[in-house]
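Working notes, beginning with the structure itself.
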2 protein chains.
Amino acid sequence: MNKPSFRNWQSVQEEVLRRIHARVWKPGELIPNEADLALEFGCARTTVNRALQSLAESGLLDRRRKAGTRVAAQPVAKATLDITVIRIEIEDRGQKYGYQRIERHEAVPPLAISGSMKTHATRPLLHVRALHMADDTPYAFEDRWINPEVARDGFSESYETVSANEWLLKYVPYTHGEIAFSATSASPEEAKILCCQKNSALFAIDRLTWDGTLAVTKVRLLFAPGHQIRTIL
Amino acid sequence: MNKPSFRNWQSVQEEVLRRIHARVWKPGELIPNEADLALEFGCARTTVNRALQSLAESGLLDRRRKAGTRVAAQPVAKATLDITVIRIEIEDRGQKYGYQRIERHEAVPPLAISGSMKTHATRPLLHVRALHMADDTPYAFEDRWINPEVARDGFSESYETVSANEWLLKYVPYTHGEIAFSATSASPEEAKILCCQKNSALFAIDRLTWDGTLAVTKVRLLFAPGHQIRTIL
DNA sequence: ACAGTTTTTATGTATGTACATAATGTCATT
DNA sequence: AATGACATTATGTACATACATAAAAACTGT
């Protein structure tokens, strides 16, 4: 019965993970403290700490000073979705990317938009609508409002050949953002653009990015029917 | 012009993040090496390393030995979704949780199910269907197949009062899983269960969990119209 | 000019130590 | 019994150091 020694923090993490999944340490249970684990694993406490910290970050452990470390009672699985530029997303699948600008104009947005972007209700914003295509079939419809006050350079861009999706990410600073996923029925117009049946169920991503207290841009992406995003747990 | 010293790795991370967002270091650009940054920030290299490593993990930096650290050219935003037990999800919103088992029986699953679960095509699995409710209105419809070979204890459970969603997470070990999000049209039966219009656009989550090479359970969750999941970036 | 080898360099990570911090428990005082 | 002071303990984190590792760059011999 030789004790396998764990040389790096990842291997410690794996072992701890194994014990959690195998229910050696059950949900809600207290696990041994760092010093003891370090002793058992034959490594420094720092190493154990790094491993446990990483697991706590991903929600599998609850740690509190003095109180100790316990397996999360409600194992929150954190699904991490990689939100990337649509062009890359398509090219990564080995498909040909296509882009087509549908519309670009300045307009006073609906109240729902100016409200969530916290811009003045009468203030005109830049409105860009475009279609992303994969292998010449519609992939996603992008409907975007841009705050010209913040994205100054973005205002003069035509978005005819390079998508706002890509341009903004590359050139416009932002500090934080919100993202939401939902399902919605295709309106007649959306159906036409995406070449699908009216009322088809579409996967929607809404994103709103901020630079400090000012909204940079708000975008809705509607994906063609059948689209799904997947990840491993 | 006093140089603010950065005492902990989080503050270093914040400063680096600020510089990325403010485009002091532009996408694709090489940033100073750890030693130099440590000098500038007045802290140890370890501290800088911890900060940069954390940022690399979240996709904002690309790091390669010897080559150095550069701002990700394609800033992959990682949206982290907390997938928790539905009861908790509802209670966290301050709503009353309700649960109702619709069906529980043993059956040979459709090929699509046995195929993805890699069980024998003729092997019967446990099929459980149930409705989760929030404040007495339908919230999500759960349609689940359980592999009795793996989830032995789960097989004898009736799931009449406690959902399989909750029971399995608590008592059945697993090693890894897959999750997918999509949009789908409500079938007549699903519409009836969720009390919505036929063909409504529904948000769907499909999850498949494994214990080693054996599938534990495969579940589809259909959420009532209007449901959205959101997170910050 | 080319292929193979060595050096250099930036990141990756373990370690011992030291101290900070938060939560808990203990104990004396009232 | 309630209050407050203090000790204890587990985690949180910084630091200096040492060495590992990957990859680029420089060098070498043919």
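No hydrogens, no waters, no symmetry mates; every other heavy atom, side chains included, goes into these values. Sequence lines set the chain letters: A, B, ... in the order given, protein chains first and strands last, and positions in each chain run from 1.
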Minimum-distance nucleotide (side-chain atoms of A:N33 versus D:dA10, D:dA23, C:dT24):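 Between D:dA10, D:dA23, C:dT24, the one nearest the side chain of A:N33 would be D:dA10.
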If you compare every side-chain N and O of A:T69 against the phosphate oxygens of D:dA10 (OP1, OP2), does one of them come in below 4.0 Å?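 Answer no for this pair, as no side-chain N or O of A:T69 is under 4.0 Å from OP1 or OP2.
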Between [Y] and [X], is there a salt bridge with N-O shorter than 4.0 Å?
| X | Y | answer |
| --- | --- | --- |
| A:D135 | A:K96 | no |
| B:R207 | B:E142 | no |
| B:D143 | B:R129 | yes |
| A:R19 | A:E40 | yes |

Would you please name every residue forming a ring pair (Phe, Tyr, Trp, His ring centres under 6.0 Å) with [X], sequence neighbours left out?
| X | answer |
| --- | --- |
| B:Y99 | B:H132 |
| B:H21 | A:Y174 |
| B:Y139 | B:F223, B:H227 |

Using a heavy-atom distance cut-off of less than 4.0 Å, which residues of residues 23-31 of chain A contact DNA chain C?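 Those residues: none at all.
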Going 5' to 3' along nucleotides 13-21 of chain C, which nucleotides have protein heavy atoms under 4.0 Å from the base (write B), which only from the sugar-phosphate (write S), and which from neither (write -)? BSBB-B--B
Please list each protein N or O that sits under 3.5 Å from an N or O in nucleotides 3-6 of chain C, with the distance.
none

